[in-house]
Amino acid sequence: MIEVNLLGVQLPWLLLLAAGALPCSWATRRLLAIVGAYRWIWHPALFDVALYVLLLCALASLTGATTASS
């Protein structure tokens, strides 16, 4: 598991990616609300969770956090 030392505290890399995916999710949700896409979405809360998970997965794939090195 990849860990990051932040001021003497060991944090898993996925926690930092999750914190980074949150503003991306907020911005994407805001853009979708402005465009009016939520009129076509049956369950907005479930859609928002799925969007967050997809963005987190994309960030993890782009940074290479999914590869485990021993």
Anything under 3.5 Å between a donor and an acceptor, one on a side chain of residues 20-30, the other on a protein residue two or more places apart or in another chain? List them.
from : atom 1 : to  : atom 2 : distance (Å)
T28  : OG1    : C24 : O      : 2.8

Report all side-chain donor-acceptor pairs from residues 31-58 shorter than 3.5 Å, counting only partners two or more places apart or in another chain.
from : atom 1 : to  : atom 2 : distance (Å)
Y38  : OH     : D48 : OD1    : 2.5
R39  : NE     : G36 : O      : 3.1
H43  : ND1    : L46 : N      : 3.3
Y52  : OH     : A18 : O      : 3.0

Show every salt bridge (charged side-chain N to carboxylate O under 4.0 Å, His left out) that has at least one partner inside residues 52-62, sequence neighbours left out. none
